[in-house]
Amino acid sequence: MAFDPSKLPSLLNPEQLRAATHTGGPLLVLAGAGSGKTRVITYRIANLVIAHGIEPWRILAVTFTNKAAGEMKERLEKLLGPTAHEAWISTFHATGARILRRDGAAIGIPSGFVIYDDSDQLAEMKRVMKSMGVDPKLVDPRKVLHRIDDAKNHGRSPDDLAKRPGYDELSRLTPELYRRYQKSLAAAGAVDFGDLLSRLVELFEKAPDVLQKYRNRFRHVLVDEFQDTNRVQYRLLQMLAGDGRGLCVVGDDDQAIYRWRGADVTNLLSFPQDFAGAEVVKLEQNYRSTQTILDAAHAVIAHNPTRMDKRLWTEESGGAPLELVVARDERDEAQQVADRVRAALRDGVDAAEVAVFYRTNAQSRVIEEAFRLGRIPYAVVRGRSFYDRAEVKDLASYLRLAVNPLSSADALRVINKPARGIGDTTVGRIEAAAEEWGVGIVDACRQSAQIPGLNASAQGKARSFAQLVGKLALEAANGSAGAAAEAALKLSGLEDAYLAEGSDEAVDRLDNLRELVGAAKEWDQTWTPPIDPDEPEAEGPTPLAAFLEQLALLGDADEKIAGPKVALMTLHASKGLEFERVFLTGMEETVFPHSRALGDEGGIEEVAEERRLCYVGFTRAKRRLVLSLARSRVLFGNLRFNEASRFLGEVPRELFGIKGAAKPSRQTGVHVVYDDARGEPEIDLGDDDGFEDRYQVDYSFDQRPAPRQPEIRRAVVRAPAPDTGAPFRIGMPARHPSFGVGMVEGIDGDKVAVRFPGVGVKRVVARFLQAV
DNA sequence: TGAGCGTCAATTAGC
DNA sequence: TTGACGCTCA
C-alpha cells in the first residue's frame, strides 16, 4: 500500500491536514484556486479507508465533470491500489444514472433507459409541440426546454408550474408541454439530463426503502466544486447525507461562475447554518502562481460585495509583472498575442504550457487565423466534438435502438438515414399511428400495413426499417459493444452510402464511424463491470449498455492531441486548469464584462459573476499573465469602440511593473501610465504614428440606488484611435487626405459623414480621417 | 430529397 | 458578420 496515514503531516500543510483528517461532523473546505483541493480530497478518502477502516464502497465522491472524477480516481488508485475502484467517484449525473438503472423501476423507469441529450430533447419537444399544434415560431422550443430544465433543477412538477400561471404564451403553455414531454420520454424509455437528478429525488421520496439503502451504504459523501451545486443537487446531498455527519464539501465562492445554469452559491455560503456543528477549513496557501498574479487576482475579486473573507498567498514572492497589450483592433490583438506566443515558444516554453482565453467563442476565430498564419500549433478546447458529430450520433442511435427500440428520438433520427425513401409524409403518418396506438415508432413500422395513408411501397420500407432494428437487437443481444457497432455500421447501410458518395466529406465521416467502431471494440476489451460488494448478485450492465452510457455522459475525455499545442478556450472552459503563461484577451467593456451582464437584464450580481470569471482566468496562470484589449472591434458586423474593461482598472499599477509615469517604450510597445495627481491609470501606446495616444481609464459612479460601496460603472478609454477611426463627434472638425478639412455631421459604424467646404457631405471611412 | 435562399438572432456549457 | 433554421423549388 502506497499510503501511510502517519506521513500525512509531512505531505500536507496544517489546513490541508485538518481538512483531510477531520471526522465526526460536517465539513466545509473553502479551497482557493490552486490550494491543493484535489490533493486534500484524495488524501481524505485514503485516510478514511486506511486509518478509519471505512470500506471504499461506502464512500461516494461527486464531481461536476468527468475530468475531475477521472483525476480523482487516478490519484486515489495510486494511494490505495485497485480497491480504489470500489469507491463511487463520479459526476452527479453518472451517479444518478447508476442508481436509477438499479432502482428506477420503483418509479417506472426501465433499467435500459436511454439518456436524451440536448438535440434529442429539442427534437422531442418539437414533436410534442407539433402534436399539440403549438407554433414553434410563437413559442421557442428551446425556451420551453429551458423552463423545464429550470423546473427540474428546482424540483418542480408540471402541476407546480400550472399553479403559477404566466401571462405570456410561453408561460401559459409550458406546464402542459412539460407534462406531455415527460409523457413522451416515458413512452420512449428515455430520460433527459435533468431527469437523472430530479427523478432520483422523486425515487428517494417515493421509495424510502431505496433511499435508506443508499443512506446506510454511503457513510461518507464528498462533493467537489460545491459552489456549483443547484437546488436538486443540494436536495440529493441532504437526502443522502442526512445530518451531514459524513458530509464533506469543497468549494470556492470566488469561483462560482455557473449561476446562469442554476448553480446557487447560497448552498455554500449557508452550509455552516444548514449543517449544525459544521467545521470550516480555509485553504489559502497557493501552490500555483506567483504573488504578483495572486495580488492582481485579489485586487479584482475584492471589488465584489459579498464574498467569504479569504486571500490567497504563496511562499513564492514576487514574479514577473503583468503585461498589457493594447491593440488597434481585434486582428491586431490576435497578431500581437501570436507574436508573443511565438517568442515564448522560441524561448523554450512548452506550447502545452501556454493558453489563450477569451470570453466568447466567437472571439476565437481571429486568434485561430493569426495562429494558423503564424504556424503556431494550437487546439481549441471544447467539451465534446467527436461525439457531437452528426454521423457519430446516427450510429449511436442505431445502437441505442438495438438496446431500446422504444426510443422515438433515435428511431426518428435514423429512420431515413441513409436515405431509404421514407420521406416526411410517411414519417408523419407513422408517428401519428404510433401515437394513436400508444406504441413506439419501430413497432408502428412493423405494423405499417395498418397505417392509414401508406401505400404499399412506403409500407414495405417502413417494415424493413423495423426488421433492421430487429436484426440489430439480435446482434446486440450478447452485449458486445464492438460487434453491435460493426453490425450497425454495415446493416444500416451507412457504410455503403458513404462509400458510394465518395466525397472528401463522406470519407471523413466514414472514418469517424470506423473510429467509433474501434472505440467500441476497445471498450469490450478494457471495460470491467463495476464491483459492488453491497449487492453481489445484482445483474451488472453489459459492455454495450455501459458503452452507450459513456457515450451519453462522457465528453471527449481522451481526445488525442498530437504533440504539444497552445490551448485556446473560453474563460469558463479554463476553470480547473493551469498554464505557465496565460493570455487573457478582449479586456473590454461589453466583451468582458459581457454586455449581457451590463444591459437591462444584467445587474450587480451579473457583473460580480463576470468578475469571478476574471478571477478564475487570472488564477490559471502560473508565472506570466498577459492581458490584452483592442481599441476597436467588429461585433456583429459593426465596428465598435469599446472602453477598457473595468477589471483592468482594478489591477494596481505596480503589478504592471509601472512606478509613477513611465516613458513610452518602443520595446514593449505599450505602457500603462498613471497620472499621480488623479490616481487614475492611463494607457499609453509606445507607437510612433504621430498621434497622441494617452488612454485614460476613467471612473464614474453609479447614480442609482446608493450602493454600499461605490460601484464602478464605466472604465472609459478616452482616446483618439489613430488608424481605424476616432471617437469623432458631431460638430467636430476632421481632416481627409483628398477632401481637406470638414465638419462631422454624422457617424454610422466606421463611416463618418463629413461636410467638406466646396465638396458637400461625404460618407468616408473613419480610418482615413484625422482629428484636427 | 436536397441545394439554395431569406430571415433572424446573437454569452458562457456541463452531464 | 456568421450561423442556424425553415421554406421553396427543381
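The analysis underlying the following values was restricted to heavy atoms, covering all of them including side chains, and did not include hydrogens, waters or symmetry mates. Reminder, nothing fancy here: chain letters follow the sequence lines and each chain counts from 1.
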Contacts of A:R596 that satisfy salt bridge (Lys or Arg N to Asp or Glu O under 4.0 Å) - sequence neighbours left out: A:E601
Between P of B:dG14 and CG of A:D149, the distance in whole Å: 14 Å
Ring-ring centroid check A:F592 A:F647, cutoff 6.0 Å: yes
Contact under 4.0 Å: A:N66 side-chain N or O vs B:dC15 OP1/OP2: yes
Aromatic ring proximity A:Y258/A:H572, centre distance under 6.0 Å: yes
CA sep, side-chain torsions, deciding dist, call: A:Y181, A:E124, side-chain hydrogen bond (donor to acceptor under 3.5 Å, both in side chains): CA-CA 7 Å; A:Y181 169 78; A:E124 196 69 54; over 6 Å; no
Steps toward side-chain contact (heavy atoms from CB on, under 4.5 Å) verdict (A:F193, A:F92): CA-CA 10 Å; A:F193 285 126; A:F92 269 101; over 6 Å; no
Gap in Å between the two P atoms, one belonging to C:dA4 and one to B:dA13, rounded: 15 Å
Check ion pair A:R633-A:D329 (N to O, under 4.0 angstrom): no
Upstream residue (5' side of DNA chain B) when A:N416 and A:G194 are each assigned their closest nucleotide: A:N416
Length of the CG-C1' vector between A:D118 and B:dT12, whole Å: 14 Å
Protein-nucleotide distance (A:F92, atom CZ; B:dA13, atom C1'), rounded to Å: 17 Å
So which protein N/O to nucleotides 6-11 of chain B N/O distances come out below 3.5 Å?
| unit_1 | atom_1 | unit_2 | atom_2 | d |
| --- | --- | --- | --- | --- |
| B:dT11 | O4' | A:H594 | NE2 | 3.4 |

Euclidean distance, atom CG of residue A:D192 to atom P of B:dC15 [Å, nearest integer]: 16 Å
Touch class at under 4.0 angstrom, heavy-atom based, for A:G423 against every strand present: sugar-phosphate
Sugar-phosphate only, base, or nothing, as touched by A:F64 at under 4.0 Å among non-hydrogen atoms: sugar-phosphate
Sugar-phosphate only, base, or nothing, as touched by A:G96 at under 4.0 Å among non-hydrogen atoms: nothing
Contact pattern, 5' to 3', of nucleotides 3-10 of chain C - B, S or - by protein heavy atom under 4.0 Å: --SS----
Candidates B:dG2, B:dC15, B:dA13 - which lies nearest the side chain of A:A419: B:dG2
A:R261 CZ to B:dC15 C1', straight-line distance once rounded to whole Å: 8 Å
Ion pair A:R400/A:D410, N-O distance below 4.0 Å: yes
Gap between atoms CD1 and P, on A:I115 and B:dC15 respectively (whole Å): 12 Å
base_contact_polar (B:dC15 base, A:D195 side chain, donor-acceptor, <3.5 Å): no
Nearest-Å distance for atom pair CD/C1', residues A:Q255 and B:dT12: 16 Å
Any donor-acceptor N/O pair, A:N267 side chain to A:Q227 backbone, under 3.5 Å: no
Euclidean distance, A:N642 CG relative to A:T590 OG1, rounded to 0.5 Å: 3.5 Å
N/O donor-acceptor pair under 3.5 Å between A:E643 side chain and A:E588 backbone: no
Sugar-phosphate, base or nothing in reach of A:D117, heavy atoms under 4.0 Å: nothing
Length of the line joining A:H146:NE2 and B:dA13:C1', which is rounded to integer Å: 11 Å
